2 protein chains.
Amino acid sequence: MLRDWQSVRAEVLRRIHARDWKPGEMIPNEADLAAEFGCARSTVNRALRDIAQSGLLDRRRKAGTRVASNPAARATLTIPVMREEIEGTGRKYGYQLLSRSTEIPPVAESAAMQLPPDGTLLHIRALHLADDRPFALENRWIDPGVVPGVADAHFERISANEWLLQNAAYTHGEIAFSATVAGPADAPLLGCAAGAPLFVTERLTWDTTRAVTRVRILFAPGYQMRTGL
Amino acid sequence: MLRDWQSVRAEVLRRIHARDWKPGEMIPNEADLAAEFGCARSTVNRALRDIAQSGLLDRRRKAGTRVASNPAARATLTIPVMREEIEGTGRKYGYQLLSRSTEIPPVAESAAMQLPPDGTLLHIRALHLADDRPFALENRWIDPGVVPGVADAHFERISANEWLLQNAAYTHGEIAFSATVAGPADAPLLGCAAGAPLFVTERLTWDTTRAVTRVRILFAPGYQMRTGL
DNA sequence: GAGTGGTCTAGACCACGGG
DNA sequence: CCGTGGTCTAGACCACTCG
(Lines give C-alpha, C1' and ligand atoms only; values in the text may rest on other atoms or scores of the structure.)
Protein backbone atom coordinates (compact mmCIF):
# COMPACT_ATOMS: atom_id res chain seq x y z
CA MET A 1 0.00 0.00 0.00
CA LEU A 2 1.77 3.16 -1.15
CA ARG A 3 0.12 6.13 0.43
CA ASP A 4 1.82 9.20 -0.99
CA TRP A 5 3.12 10.26 -4.36
CA GLN A 6 6.73 10.24 -3.23
CA SER A 7 6.48 6.58 -2.29
CA VAL A 8 4.97 5.87 -5.67
CA ARG A 9 7.78 7.77 -7.32
CA ALA A 10 10.35 5.86 -5.31
CA GLU A 11 8.81 2.52 -6.27
CA VAL A 12 8.62 3.43 -9.95
CA LEU A 13 12.22 4.63 -9.88
CA ARG A 14 13.21 1.39 -8.20
CA ARG A 15 11.60 -0.64 -10.96
CA ILE A 16 13.30 1.40 -13.66
CA HIS A 17 16.57 1.15 -11.82
CA ALA A 18 16.18 -2.61 -11.32
CA ARG A 19 15.39 -3.00 -15.02
CA ASP A 20 11.94 -4.43 -14.23
CA TRP A 21 10.89 -1.85 -16.77
CA LYS A 22 13.63 -1.57 -19.36
CA PRO A 23 14.61 1.48 -21.40
CA GLY A 24 12.15 1.97 -24.24
CA GLU A 25 9.56 -0.27 -22.65
CA MET A 26 5.98 0.65 -21.89
CA ILE A 27 4.85 0.72 -18.29
CA PRO A 28 1.29 0.06 -17.10
CA ASN A 29 -1.16 2.92 -17.38
CA GLU A 30 -2.10 5.14 -14.48
CA ALA A 31 -5.33 3.37 -13.62
CA ASP A 32 -3.63 -0.02 -13.37
CA LEU A 33 -0.80 1.31 -11.26
CA ALA A 34 -3.25 3.07 -8.99
CA ALA A 35 -5.08 -0.21 -8.50
CA GLU A 36 -1.84 -2.05 -7.81
CA PHE A 37 -0.53 0.55 -5.39
CA GLY A 38 -3.88 1.00 -3.71
CA CYS A 39 -4.07 4.74 -4.20
CA ALA A 40 -5.91 7.24 -6.35
CA ARG A 41 -4.99 7.73 -9.96
CA SER A 42 -4.11 11.36 -9.34
CA THR A 43 -1.44 10.25 -6.89
CA VAL A 44 0.13 8.05 -9.53
CA ASN A 45 -0.22 10.88 -12.00
CA ARG A 46 1.66 13.23 -9.73
CA ALA A 47 4.50 10.74 -9.30
CA LEU A 48 4.79 9.92 -12.99
CA ARG A 49 4.62 13.56 -13.99
CA ASP A 50 7.45 14.30 -11.64
CA ILE A 51 9.62 11.53 -13.05
CA ALA A 52 8.80 12.56 -16.59
CA GLN A 53 9.97 16.07 -15.77
CA SER A 54 13.35 14.65 -14.85
CA GLY A 55 13.54 12.99 -18.26
CA LEU A 56 13.40 9.35 -17.20
CA LEU A 57 9.91 8.77 -18.50
CA ASP A 58 8.34 9.73 -21.77
CA ARG A 59 4.61 10.25 -21.57
CA ARG A 60 2.13 10.77 -24.37
CA ARG A 61 -1.63 10.67 -24.44
CA LYS A 62 -2.94 7.52 -25.92
CA ALA A 63 0.60 6.28 -26.54
CA GLY A 64 1.07 5.73 -22.82
CA THR A 65 4.16 6.01 -20.69
CA ARG A 66 7.49 4.48 -21.55
CA VAL A 67 10.92 4.46 -19.99
CA ALA A 68 13.20 6.85 -21.88
CA SER A 69 15.74 4.94 -23.93
CA ASN A 70 18.49 7.54 -23.91
CA PRO A 71 17.63 9.66 -20.96
CA ALA A 72 19.36 12.99 -21.32
CA ALA A 73 20.73 14.06 -17.98
CA ARG A 74 18.96 17.12 -16.62
CA ALA A 75 20.55 19.43 -14.16
CA THR A 76 18.96 22.48 -12.65
CA LEU A 77 21.41 25.30 -12.25
CA THR A 78 20.67 27.89 -9.64
CA ILE A 79 22.38 31.13 -10.47
CA PRO A 80 22.21 33.40 -7.46
CA VAL A 81 23.10 37.04 -7.25
CA MET A 82 26.88 37.29 -7.13
CA ARG A 83 26.83 38.68 -3.60
CA GLU A 84 24.97 35.62 -2.36
CA GLU A 85 27.14 33.23 -4.30
CA ILE A 86 30.20 34.61 -2.54
CA GLU A 87 28.71 35.10 0.91
CA GLY A 88 27.17 31.65 0.65
CA THR A 89 30.67 30.17 0.76
CA GLY A 90 31.62 32.22 3.79
CA ARG A 91 33.71 34.80 1.99
CA LYS A 92 33.46 38.57 2.13
CA TYR A 93 31.80 40.17 -0.86
CA GLY A 94 33.28 43.24 -2.45
CA TYR A 95 32.15 45.34 -5.39
CA GLN A 96 33.85 47.94 -7.47
CA LEU A 97 32.41 49.97 -10.32
CA LEU A 98 34.93 50.35 -13.12
CA SER A 99 33.01 52.46 -15.59
CA ARG A 100 29.55 53.68 -16.39
CA SER A 101 28.76 55.48 -19.60
CA THR A 102 26.26 55.83 -22.38
CA GLU A 103 27.58 54.49 -25.66
CA ILE A 104 26.72 53.04 -29.01
CA PRO A 105 27.38 49.33 -28.45
CA PRO A 106 29.27 47.03 -30.80
CA VAL A 107 26.98 45.62 -33.45
CA ALA A 108 27.22 42.19 -31.86
CA GLU A 109 25.41 43.58 -28.83
CA SER A 110 22.79 45.61 -30.62
CA ALA A 111 22.08 42.72 -32.95
CA ALA A 112 21.67 40.25 -30.11
CA MET A 113 19.35 42.68 -28.37
CA GLN A 114 17.49 43.32 -31.61
CA LEU A 115 18.12 47.04 -31.51
CA PRO A 116 19.02 49.48 -34.27
CA PRO A 117 22.80 49.67 -34.65
CA ASP A 118 22.91 53.41 -34.00
CA GLY A 119 21.06 53.52 -30.68
CA THR A 120 22.83 54.11 -27.38
CA LEU A 121 22.87 51.87 -24.34
CA LEU A 122 24.07 52.21 -20.80
CA HIS A 123 27.41 50.43 -20.47
CA ILE A 124 28.54 49.18 -17.06
CA ARG A 125 31.83 47.54 -16.20
CA ALA A 126 32.34 46.30 -12.68
CA LEU A 127 34.44 43.96 -10.62
CA HIS A 128 33.15 41.56 -8.00
CA LEU A 129 35.52 40.51 -5.25
CA ALA A 130 35.67 37.66 -2.79
CA ASP A 131 37.78 38.28 0.31
CA ASP A 132 39.24 41.32 -1.48
CA ARG A 133 40.50 39.24 -4.38
CA PRO A 134 39.11 39.56 -7.91
CA PHE A 135 36.29 37.09 -8.47
CA ALA A 136 34.48 38.11 -11.62
CA LEU A 137 34.51 40.87 -14.19
CA GLU A 138 31.12 42.06 -15.38
CA ASN A 139 30.51 43.78 -18.68
CA ARG A 140 26.91 44.86 -19.10
CA TRP A 141 24.69 46.73 -21.53
CA ILE A 142 21.30 48.02 -20.45
CA ASP A 143 18.55 49.51 -22.58
CA PRO A 144 17.43 52.59 -20.62
CA GLY A 145 14.23 52.76 -22.64
CA VAL A 146 13.12 49.45 -21.15
CA VAL A 147 14.28 50.08 -17.60
CA PRO A 148 12.81 53.29 -16.23
CA GLY A 149 14.94 54.93 -13.60
CA VAL A 150 18.17 53.31 -14.66
CA ALA A 151 19.50 56.69 -15.79
CA ASP A 152 19.50 57.79 -12.15
CA ALA A 153 21.20 54.69 -10.80
CA HIS A 154 24.90 55.22 -10.46
CA PHE A 155 25.86 51.65 -9.51
CA GLU A 156 28.68 52.77 -7.29
CA ARG A 157 27.62 50.85 -4.19
CA ILE A 158 25.13 48.36 -5.52
CA SER A 159 25.84 46.15 -8.50
CA ALA A 160 23.71 46.37 -11.61
CA ASN A 161 22.96 42.73 -10.97
CA GLU A 162 21.12 43.45 -7.75
CA TRP A 163 19.68 46.78 -8.81
CA LEU A 164 18.04 45.25 -11.85
CA LEU A 165 16.55 42.39 -9.86
CA GLN A 166 14.88 44.89 -7.56
CA ASN A 167 13.87 47.42 -10.15
CA ALA A 168 13.45 45.78 -13.50
CA ALA A 169 11.13 43.02 -14.56
CA TYR A 170 11.94 40.35 -17.05
CA THR A 171 9.89 37.57 -18.47
CA HIS A 172 12.52 35.23 -19.86
CA GLY A 173 16.10 35.00 -20.96
CA GLU A 174 18.92 32.97 -22.38
CA ILE A 175 22.22 32.01 -20.85
CA ALA A 176 25.35 30.51 -22.35
CA PHE A 177 28.53 29.14 -20.81
CA SER A 178 31.88 28.94 -22.51
CA ALA A 179 35.61 29.38 -22.08
CA THR A 180 37.95 32.14 -23.15
CA VAL A 181 41.41 33.42 -22.38
CA ALA A 182 42.24 36.47 -20.33
CA GLY A 183 43.08 39.36 -22.62
CA PRO A 184 45.80 41.88 -21.80
CA ALA A 185 43.21 44.37 -20.55
CA ASP A 186 41.25 41.96 -18.40
CA ALA A 187 44.11 39.97 -16.90
CA PRO A 188 45.34 42.62 -14.45
CA LEU A 189 41.79 43.31 -13.28
CA LEU A 190 41.24 39.64 -12.56
CA GLY A 191 44.69 39.27 -11.01
CA CYS A 192 45.85 36.63 -13.43
CA ALA A 193 48.25 36.30 -16.31
CA ALA A 194 47.18 37.13 -19.84
CA GLY A 195 46.31 33.87 -21.54
CA ALA A 196 44.84 32.29 -18.43
CA PRO A 197 41.68 30.26 -19.10
CA LEU A 198 38.47 31.92 -17.93
CA PHE A 199 34.99 30.59 -17.46
CA VAL A 200 32.45 32.86 -19.10
CA THR A 201 28.71 33.31 -18.76
CA GLU A 202 26.66 35.39 -21.14
CA ARG A 203 23.12 36.31 -20.31
CA LEU A 204 20.44 38.07 -22.29
CA THR A 205 17.14 38.88 -20.60
CA TRP A 206 13.88 40.00 -22.15
CA ASP A 207 10.78 41.76 -21.02
CA THR A 208 8.17 40.25 -23.30
CA THR A 209 9.58 41.38 -26.65
CA ARG A 210 12.24 43.88 -25.66
CA ALA A 211 15.76 43.11 -24.55
CA VAL A 212 16.44 44.43 -21.06
CA THR A 213 20.10 43.75 -20.57
CA ARG A 214 22.96 41.76 -21.92
CA VAL A 215 25.83 40.83 -19.67
CA ARG A 216 29.06 38.96 -20.11
CA ILE A 217 30.85 37.82 -16.98
CA LEU A 218 34.45 36.60 -16.90
CA PHE A 219 35.27 34.55 -13.82
CA ALA A 220 38.73 34.52 -12.31
CA PRO A 221 40.74 31.34 -12.96
CA GLY A 222 39.73 28.34 -10.90
CA TYR A 223 36.04 29.10 -10.89
CA GLN A 224 33.74 26.11 -11.19
CA MET A 225 30.02 25.99 -11.60
CA ARG A 226 28.63 22.86 -9.99
CA THR A 227 25.29 21.22 -9.52
CA GLY A 228 23.59 17.97 -8.71
CA LEU A 229 22.35 15.65 -11.40
CA MET B 1 -13.00 33.32 -14.15
CA LEU B 2 -9.70 31.49 -14.54
CA ARG B 3 -10.39 27.93 -15.48
CA ASP B 4 -7.01 26.16 -15.53
CA TRP B 5 -3.82 26.28 -13.48
CA GLN B 6 -1.82 27.77 -16.32
CA SER B 7 -4.16 30.76 -16.50
CA VAL B 8 -3.81 31.15 -12.75
CA ARG B 9 -0.05 30.98 -13.09
CA ALA B 10 -0.09 33.55 -15.86
CA GLU B 11 -2.21 35.94 -13.79
CA VAL B 12 -0.02 35.54 -10.72
CA LEU B 13 3.09 36.10 -12.80
CA ARG B 14 1.46 39.16 -14.31
CA ARG B 15 0.84 40.62 -10.87
CA ILE B 16 4.40 39.94 -9.76
CA HIS B 17 5.69 41.39 -12.98
CA ALA B 18 3.45 44.46 -12.69
CA ARG B 19 4.64 44.97 -9.11
CA ASP B 20 1.10 44.58 -7.78
CA TRP B 21 2.82 42.18 -5.45
CA LYS B 22 6.30 43.50 -4.73
CA PRO B 23 9.43 41.52 -3.93
CA GLY B 24 9.35 40.35 -0.33
CA GLU B 25 5.63 40.96 -0.02
CA MET B 26 3.03 38.47 1.07
CA ILE B 27 0.37 37.39 -1.38
CA PRO B 28 -3.12 36.19 -0.43
CA ASN B 29 -3.49 32.60 0.69
CA GLU B 30 -4.67 29.83 -1.58
CA ALA B 31 -8.25 29.81 -0.39
CA ASP B 32 -8.68 33.53 -1.01
CA LEU B 33 -7.11 33.34 -4.43
CA ALA B 34 -9.29 30.37 -5.32
CA ALA B 35 -12.36 32.37 -4.34
CA GLU B 36 -11.19 35.38 -6.34
CA PHE B 37 -10.34 33.34 -9.42
CA GLY B 38 -13.43 31.20 -9.15
CA CYS B 39 -11.62 27.88 -9.17
CA ALA B 40 -10.73 25.12 -6.74
CA ARG B 41 -7.95 25.60 -4.23
CA SER B 42 -6.00 22.71 -5.70
CA THR B 43 -5.84 24.57 -9.00
CA VAL B 44 -4.33 27.58 -7.29
CA ASN B 45 -2.01 25.25 -5.40
CA ARG B 46 -0.76 23.72 -8.61
CA ALA B 47 -0.04 27.12 -10.11
CA LEU B 48 1.72 28.50 -7.06
CA ARG B 49 3.76 25.35 -6.59
CA ASP B 50 4.92 25.65 -10.16
CA ILE B 51 5.98 29.27 -9.73
CA ALA B 52 7.70 28.46 -6.44
CA GLN B 53 9.70 25.79 -8.21
CA SER B 54 11.04 28.43 -10.58
CA GLY B 55 12.20 30.42 -7.57
CA LEU B 56 9.91 33.43 -7.91
CA LEU B 57 7.78 32.58 -4.90
CA ASP B 58 8.78 31.47 -1.46
CA ARG B 59 6.20 29.29 0.25
CA ARG B 60 6.06 28.14 3.84
CA ARG B 61 3.33 26.56 5.88
CA LYS B 62 1.68 28.99 8.18
CA ALA B 63 4.06 31.72 7.02
CA GLY B 64 2.22 31.89 3.73
CA THR B 65 3.49 32.74 0.28
CA ARG B 66 5.68 35.71 -0.50
CA VAL B 67 7.36 37.04 -3.60
CA ALA B 68 11.07 36.20 -3.53
CA SER B 69 13.14 39.29 -2.88
CA ASN B 70 16.29 38.19 -4.69
CA PRO B 71 15.07 35.50 -7.02
CA ALA B 72 18.01 33.37 -8.07
CA ALA B 73 17.72 32.57 -11.74
CA ARG B 74 17.15 28.90 -12.38
CA ALA B 75 18.05 27.25 -15.60
CA THR B 76 17.49 23.65 -16.49
CA LEU B 77 20.34 22.21 -18.48
CA THR B 78 19.62 19.23 -20.66
CA ILE B 79 22.76 17.27 -21.28
CA PRO B 80 22.10 14.79 -24.04
CA VAL B 81 24.27 11.92 -25.16
CA MET B 82 27.05 13.36 -27.27
CA ARG B 83 25.79 11.64 -30.40
CA GLU B 84 22.41 13.31 -30.05
CA GLU B 85 23.91 16.67 -29.25
CA ILE B 86 25.83 16.59 -32.52
CA GLU B 87 23.19 15.00 -34.71
CA GLY B 88 20.64 17.38 -33.24
CA THR B 89 22.44 20.24 -34.95
CA GLY B 90 22.48 18.45 -38.27
CA ARG B 91 26.09 17.37 -38.19
CA LYS B 92 27.55 13.91 -38.70
CA TYR B 93 28.63 12.17 -35.53
CA GLY B 94 31.94 10.36 -35.37
CA TYR B 95 33.59 8.42 -32.60
CA GLN B 96 37.11 7.19 -32.09
CA LEU B 97 38.48 5.13 -29.21
CA LEU B 98 41.94 6.34 -28.23
CA SER B 99 42.79 3.96 -25.45
CA ARG B 100 41.27 1.43 -23.10
CA SER B 101 43.19 -0.07 -20.24
CA THR B 102 43.01 -1.10 -16.63
CA GLU B 103 45.06 1.14 -14.40
CA ILE B 104 45.53 2.50 -10.95
CA PRO B 105 44.03 5.98 -11.25
CA PRO B 106 45.59 9.19 -9.95
CA VAL B 107 44.69 9.77 -6.33
CA ALA B 108 42.46 12.68 -7.33
CA GLU B 109 40.21 10.21 -9.11
CA SER B 110 40.19 7.48 -6.50
CA ALA B 111 39.57 10.02 -3.78
CA ALA B 112 36.66 11.62 -5.62
CA MET B 113 35.19 8.18 -6.21
CA GLN B 114 35.85 7.23 -2.60
CA LEU B 115 37.92 4.22 -3.51
CA PRO B 116 41.14 2.87 -2.01
CA PRO B 117 44.13 4.49 -3.70
CA ASP B 118 45.59 1.14 -4.79
CA GLY B 119 42.54 -0.24 -6.64
CA THR B 120 42.36 -0.43 -10.42
CA LEU B 121 39.77 1.12 -12.69
CA LEU B 122 38.95 0.88 -16.33
CA HIS B 123 40.37 3.88 -18.12
CA ILE B 124 38.85 5.03 -21.40
CA ARG B 125 40.00 7.84 -23.63
CA ALA B 126 37.98 8.68 -26.68
CA LEU B 127 37.36 11.40 -29.21
CA HIS B 128 33.96 12.58 -30.39
CA LEU B 129 33.77 14.17 -33.82
CA ALA B 130 31.29 16.43 -35.57
CA ASP B 131 31.48 16.41 -39.36
CA ASP B 132 34.85 14.63 -39.04
CA ARG B 133 36.33 17.42 -36.96
CA PRO B 134 37.31 17.02 -33.31
CA PHE B 135 34.46 17.99 -31.03
CA ALA B 136 35.26 16.71 -27.58
CA LEU B 137 37.86 14.65 -25.82
CA GLU B 138 36.58 12.23 -23.21
CA ASN B 139 38.65 10.91 -20.34
CA ARG B 140 36.77 8.39 -18.24
CA TRP B 141 37.29 6.07 -15.31
CA ILE B 142 34.86 3.25 -14.62
CA ASP B 143 34.66 0.98 -11.60
CA PRO B 144 34.23 -2.51 -13.07
CA GLY B 145 33.06 -3.80 -9.73
CA VAL B 146 29.98 -1.61 -9.93
CA VAL B 147 29.24 -2.13 -13.61
CA PRO B 148 28.89 -5.81 -14.43
CA GLY B 149 29.81 -6.67 -17.98
CA VAL B 150 31.96 -3.63 -18.56
CA ALA B 151 35.03 -5.85 -18.77
CA ASP B 152 33.63 -7.33 -21.98
CA ALA B 153 32.74 -4.03 -23.58
CA HIS B 154 35.51 -2.83 -25.87
CA PHE B 155 34.04 0.58 -26.69
CA GLU B 156 35.43 0.58 -30.20
CA ARG B 157 32.18 1.35 -31.98
CA ILE B 158 29.94 2.61 -29.23
CA SER B 159 31.02 5.28 -26.78
CA ALA B 160 31.22 4.56 -23.08
CA ASN B 161 28.70 7.34 -22.73
CA GLU B 162 26.02 5.42 -24.58
CA TRP B 163 27.03 1.99 -23.38
CA LEU B 164 26.75 3.01 -19.76
CA LEU B 165 23.34 4.59 -20.26
CA GLN B 166 22.05 1.33 -21.67
CA ASN B 167 23.84 -1.01 -19.31
CA ALA B 168 24.51 0.72 -16.04
CA ALA B 169 22.16 2.27 -13.57
CA TYR B 170 22.84 5.33 -11.52
CA THR B 171 20.85 7.05 -8.86
CA HIS B 172 22.41 10.48 -8.76
CA GLY B 173 25.46 12.46 -9.69
CA GLU B 174 27.32 15.71 -9.70
CA ILE B 175 28.47 17.84 -12.58
CA ALA B 176 30.83 20.77 -12.76
CA PHE B 177 31.70 23.21 -15.52
CA SER B 178 34.92 25.12 -15.81
CA ALA B 179 37.58 26.36 -18.19
CA THR B 180 41.09 25.14 -18.89
CA VAL B 181 43.76 25.48 -21.52
CA ALA B 182 44.66 22.88 -24.11
CA GLY B 183 47.79 21.04 -23.02
CA PRO B 184 50.47 19.93 -25.48
CA ALA B 185 49.07 16.38 -25.51
CA ASP B 186 45.43 17.33 -25.94
CA ALA B 187 45.80 20.16 -28.43
CA PRO B 188 46.62 18.04 -31.50
CA LEU B 189 43.75 15.67 -30.71
CA LEU B 190 41.33 18.55 -30.53
CA GLY B 191 42.83 20.22 -33.57
CA CYS B 192 43.73 23.41 -31.81
CA ALA B 193 46.83 25.19 -30.61
CA ALA B 194 48.28 24.46 -27.19
CA GLY B 195 47.07 27.16 -24.85
CA ALA B 196 43.65 27.48 -26.49
CA PRO B 197 40.81 27.93 -23.98
CA LEU B 198 38.64 24.85 -23.52
CA PHE B 199 35.27 24.39 -21.92
CA VAL B 200 35.32 21.46 -19.50
CA THR B 201 32.64 19.33 -17.91
CA GLU B 202 33.36 16.90 -15.11
CA ARG B 203 30.79 14.37 -14.09
CA LEU B 204 30.69 11.89 -11.26
CA THR B 205 27.79 9.46 -11.06
CA TRP B 206 26.75 7.22 -8.21
CA ASP B 207 24.71 4.09 -7.77
CA THR B 208 23.35 4.56 -4.27
CA THR B 209 26.63 4.67 -2.36
CA ARG B 210 29.16 3.53 -4.94
CA ALA B 211 30.77 5.65 -7.60
CA VAL B 212 30.04 4.31 -11.07
CA THR B 213 32.10 6.49 -13.32
CA ARG B 214 33.97 9.73 -13.39
CA VAL B 215 34.44 11.53 -16.66
CA ARG B 216 36.15 14.69 -17.74
CA ILE B 217 35.30 16.09 -21.14
CA LEU B 218 37.30 18.77 -22.92
CA PHE B 219 35.35 20.51 -25.65
CA ALA B 220 37.05 21.89 -28.73
CA PRO B 221 37.41 25.69 -28.79
CA GLY B 222 34.26 27.59 -29.60
CA TYR B 223 31.92 25.26 -27.78
CA GLN B 224 29.07 26.90 -25.93
CA MET B 225 26.51 25.38 -23.61
CA ARG B 226 23.25 27.29 -23.83
CA THR B 227 19.85 27.16 -22.26
CA GLY B 228 16.72 29.16 -21.58
CA LEU B 229 16.22 30.98 -18.32
C1' DG C 1 -12.96 5.62 -32.52
C1' DA C 2 -11.19 4.76 -28.29
C1' DG C 3 -7.52 4.61 -24.85
C1' DT C 4 -4.41 7.41 -22.40
C1' DG C 5 -2.71 11.15 -19.88
C1' DG C 6 -4.09 16.05 -18.29
C1' DT C 7 -6.78 18.47 -15.50
C1' DC C 8 -10.64 20.26 -12.44
C1' DT C 9 -13.54 19.85 -8.37
C1' DA C 10 -15.14 19.60 -3.60
C1' DG C 11 -14.08 17.92 0.47
C1' DA C 12 -11.06 16.16 3.79
C1' DC C 13 -7.07 15.35 6.84
C1' DC C 14 -2.53 16.42 8.21
C1' DA C 15 2.22 18.45 9.16
C1' DC C 16 4.65 22.20 9.86
C1' DG C 17 5.94 26.14 12.19
C1' DG C 18 4.92 31.19 13.39
C1' DG C 19 2.99 33.87 17.06
C1' DC D 1 -2.68 27.06 19.26
C1' DC D 2 -4.21 27.30 14.80
C1' DG D 3 -3.54 29.19 10.01
C1' DT D 4 -1.22 27.83 5.95
C1' DG D 5 0.37 24.97 2.51
C1' DG D 6 0.83 19.83 1.18
C1' DT D 7 -1.52 16.13 -0.10
C1' DC D 8 -5.10 12.38 -0.97
C1' DT D 9 -9.54 10.90 -2.84
C1' DA D 10 -13.26 9.74 -6.02
C1' DG D 11 -15.36 11.09 -9.77
C1' DA D 12 -15.72 13.55 -13.88
C1' DC D 13 -14.75 15.68 -18.37
C1' DC D 14 -11.61 16.67 -21.90
C1' DA D 15 -7.69 16.78 -25.38
C1' DC D 16 -4.67 14.52 -27.78
C1' DT D 17 -3.20 11.09 -30.80
C1' DC D 18 -2.49 6.37 -32.19
C1' DG D 19 -4.21 2.84 -34.84
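Below, each value reflects all heavy atoms present in this structure, side chains not excepted, and no hydrogens, waters or symmetry copies. Each chain gets a letter, A, B and so on, in the order its sequence line appears, and its residues count up from 1. Here the structure is a predicted model, which means the values were calculated and not measured.
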Quickly work out the A:Arg49 CZ to D:dC8 P distance and round it to whole Å.
-> 11 Å
Is the backbone of B:Lys92 close enough, under 3.5 Å, to the side chain of B:Asp131 for a donor and an acceptor to pair up by distance?
-> yes
Between A:Gly64 and A:Asn45, just flag the one whose closest nucleotide in DNA chain C comes earlier from the 5' side.
-> A:Gly64
Passing candidate, ring-ring contact (aromatic ring centres under 6.0 Å, His included) with A:His128, options A:Tyr223, A:Tyr95, A:Phe135 | A:Tyr95
Thinking salt bridges, do A:Arg15 and A:Glu11 make one under a 4.0 Å N-O criterion?
-> yes
Report the distance from atom CD of B:Glu30 to atom C1' of D:dT7, rounded to the nearest whole Å.
-> 11 Å
Going by the angle between their ring planes, with limits at 30° and 60°, are A:Phe199 and B:Phe199 parallel, tilted or perpendicular?
-> parallel
Tell me: CD1 of A:Ile51 to P of C:dG5, nearest whole Å?
-> 13 Å
Can you check the B:Asn29 CG to D:dG6 C1' distance for me, whole Å?
-> 14 Å
Under a 4.0 Å heavy-atom criterion, the protein footprint on nucleotides 9-19 of chain C, written with B, S and -, is B--B--BBBB-
Between P of D:dG3 and CG of B:Asp32, the distance in whole Å = 13 Å
Do A:Thr171 and B:His17 have side chains that get closer than 4.5 Å, going by heavy atoms?
-> yes
d(CZ, B:Phe37; C1', C:dT7) in whole Å | 18 Å
Would you mind reading off the distance between A:Arg59 atom CZ and C:dT4 atom P, rounded to a whole angstrom?
-> 12 Å
In whole angstrom, what separates B:Asp4's CG from C:dG5's P?
-> 21 Å
Does A:Gln6 put a side-chain nitrogen or oxygen below 4.0 Å from OP1 or OP2 of D:dT7?
-> yes
Ring-face cation contact, B:Trp5 with B:Arg46, 6.0 Å cut, 45° max | yes
